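All remarks here apply to the structure that follows.
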Amino acid sequence: MKQRVIAINLPQFHPFPENDKWWGKGFTEWTNVTKAKPLFKGHYQPHLPTDTGFYDLRLEQAREFQAELAKQHGIYGFCYYHYWFNGKRLMHEPLDAILNSKKPDFPFMYCWANENWTKKWDGEENQVLIDQKYSTQDDLDHIRYLLGNVFNDPRYIRVNNKPFFVVYRPGLFPNISETIQTWREEASKWGVELYLGYMQGFNLKVDPKTIGFDAAVSFEPDFYNQVKQVQPLVYNKILNFFARKKSTFQLNRIIEYGDYVDSRINVPQPPYKYYPSITPMWDNTARRKSGAFILKDSSPEIYEKWFRSILTNFKSYSDEENFIFINAWNEWAEGNHLEPCIQWGNSFLEKTKKVIEDYG
């Protein structure tokens, strides 16, 4: 049975007032991307785009190009991050344009990125700019917004006509089960059933049914996966020097991509509804002055091996419960993207297309 492959898409690539205020006029994700430098011999940085250029997602042409590129390479749809803070939305201009213009003609769904908004784009996660304040009233306001503006879009991805909505960090809620119950009851009043998932990771790995969800979605990379770290010798000496100078300095965590992939291939499927995911690469040194997570020496060939293993082993739960997620389409500052770059061109996209076609 053919799987629906969903690529996670970050709509951050455009300036907006809050970013201007917090990081400087005109700040976008590209600001940090272009400042990144290699930290050791053979370290691939900066990650710079080729075919897409340094796009601005306020432009319809940029959004159309993304969708067409994904479609050409077998991607079924995008999962956009959705930022909601008690009625205040961030990074919503491209998403609003997609809803209002009805373009591109490409399936999509939302994942609520429900963390506090911090200075993580500048490596300072402890500095909170907007925090999440959970309440029953906000649960109602939020689901009403989604029902009235997003879930009713004919392009929205569904399971048996139920809009598929994902929560990024359910463990941050005071009581996620109550929130889900509120959502389901309100949606029922609108004549809508919901299909709800959560990103599994961040030390929360439970049967989704036990907390009110329909399914879990694997988040890759799994930062809690214990794989042997690699510290290049010269870089390690530099890190140790700074660690002596500043006790709070966090050493970067460096893991061979091939070792990581081998560890993930051998993880058994859990005994509940769980959609696997894959990451082509990961290196968030562009965002972090220290404490980065680096999957070293990723390659299209190793990615292909991992992707093939997922499609070989994953069995759909039903005709429409057939999702595989790719993290990510365009997380450039996390060194995590399918979009073409100067190092690999469109090789990751071509591998994606080939594997999907082989299993189609």
Side-chain angles (χ1 to χ4, degrees), residues 3-16 19 27-34 46-83 89-111 113 121 150 153-157 164 166 220 277-282 286 300 303 307 323-357:
Q3 313 298 344
R4 288 194 276 184
V5 178
I6 309 295
I8 297 174
N9 189 310
L10 177 71
Q12 204 273 356
F13 297 89
H14 65 288
F16 53 90
N19 267 355
F27 177 92
T28 74
E29 189 83 336
W30 299 123
T31 307
N32 284 337
V33 168
T34 55
H47 285 234
L48 301 176
T50 53
D51 299 31
T52 64
F54 295 102
Y55 52 75
D56 183 329
L57 286 180
R58 294 174 299 182
L59 299 176
E60 181 178 306
Q61 297 95 319
R63 301 189 300 270
E64 289 275 11
F65 187 79
Q66 277 191 331
E68 187 57 34
L69 192 62
K71 192 182 301 182
Q72 288 171 0
H73 291 88
I75 305 297
Y76 175 80
F78 286 143
C79 177
Y80 291 108
Y81 281 124
H82 158 66
Y83 295 83
R89 292 182 298 137
L90 293 179
M91 296 197 284
H92 55 87
E93 191 171 342
L95 302 185
D96 287 353
I98 289 168
L99 293 169
N100 294 330
S101 70
K102 309 304 180 186
K103 298 178 182 179
D105 183 15
F106 193 61
F108 69 90
M109 58 184 288
Y110 277 14
C111 172
W121 267 274
V150 182
D153 191 292
R155 296 165 295 173
Y156 197 88
I157 294 169
F164 187 5
V166 176
E220 290 290 353
S277 74
I278 182 172
T279 185
M281 55 188 106
W282 184 284
Y303 164 80
F307 198 21
F323 299 100
I324 292 172
F325 287 79
I326 301 178
N327 185 34
W329 177 258
N330 63 337
E331 286 274 12
W332 284 91
E334 291 178 342
N336 172 26
H337 51 87
L338 284 179
E339 287 182 330
C341 65
I342 58 171
Q343 173 88 349
W344 297 111
N346 66 351
S347 296
F348 281 93
L349 278 171
E350 290 299 327
K351 293 295 187 184
T352 302
K353 179 181 180 180
K354 185 174 188 302
V355 173
I356 292 172
E357 288 178 346

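Sequential numbering from 1 along the given sequence is applied to the chain's residues. Bear in mind the structure is a predicted one, so any value in this text is a computation, not a measurement.
Counting only distance, with no hydrogens or angles, the side chain of N19 and the backbone of P15 share no donor-acceptor pair below 3.5 Å. With hydrogens and angles disregarded, a donor-acceptor distance shorter than 3.5 Å links the side chain of N336 to the backbone of A328. T279 contributes a side-chain N or O that, together with a main-chain N or O of N327, makes up a donor-acceptor pair within less than 3.5 Å. Side-chain N or O atoms of R89 include none that pairs as donor or acceptor with a backbone N or O of H82 at under 3.5 Å.
The minimum heavy-atom distance between A286 and V33, with the atom names listed, is CB-CA, 4.3 Å. Closest approach of I356 and G74 over heavy atoms only: CD1-O, 3.4 Å. The heavy-atom pair separating M91 from L10 by the smallest distance is CE-CD1, 4.3 Å. For the pair A62 and L57, the tightest heavy-atom approach, listed with the atom from each and the gap, is CB-CD2, 4.3 Å. Scanning both residues, V166 and M109, for their nearest heavy atoms gives CG2-CE, 3.5 Å. Contact detail for P46 and I342: the closest heavy-atom pair is O-CD1, 4.3 Å.
A 6.0 Å sphere centred on CG of D105 holds no more than 12 heavy atoms belonging to other residues, nucleotides or ligands.
In this structure, CG in N9 is found 12.0 Å from CD1 in I326, a value given to the nearest 0.5 Å. For the atom pair NZ (K103) and CZ (R155), the distance works out to 10.5 Å, reported to the nearest 0.5 Å. Going from atom CZ of F27 over to atom CD of Q12 covers 5.5 Å, rounded to the nearest 0.5 Å. Taking CG from L338 and OG1 from T352, the interatomic distance works out to 4.5 Å, rounded to the nearest 0.5 Å. The line from CZ of F106 to OH of Y76 is 9.5 Å long, rounded to the nearest 0.5 Å. Of the inter-residue distances, the one linking E331 atom CD with H47 atom NE2 reads 12.5 Å to the nearest 0.5 angstrom.
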Do E339 and W329 pass the side chain to side chain donor-acceptor pair (under 3.5 Å) test, and can you show the C-alpha distance, the side-chain angles, and the key distance before you say yes or no? CA-CA 6 Å; E339 287 182 330; W329 177 258; 2.7 Å; yes
Checking side chain to side chain contact (heavy atoms under 4.5 Å, CB included) for the pair F54/F13: CA distance, chi angles, key distance, verdict? CA-CA 9 Å; F54 295 102; F13 297 89; over 6 Å; no
Applying side chain to side chain contact (heavy atoms under 4.5 Å, CB included) to I324 and F307, what does each step give before you reach the verdict? CA-CA 10 Å; I324 292 172; F307 198 21; 4.1 Å; yes
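Considering only heavy atoms from C-beta on, R63 comes within 4.5 Å of P94 through its side chain. Side-chain contact check for Y55 versus W30: some heavy-atom pair is nearer than 4.5 Å. By the 4.5 Å heavy-atom criterion applied to side chains, V150 and F108 are counted as neighbours. Residues L69 and H73 have side chains in contact (heavy-atom distance under 4.5 Å, counting atoms from C-beta outward).
Between W332 and H337, a ring centre-to-centre spacing shorter than 6.0 Å is recorded. Aromatic ring centres of Y303 and F348: separated by under 6.0 Å.
Using cut-offs of 30° and 60° for the angle between ring planes, the F164 and F323 rings count as tilted.
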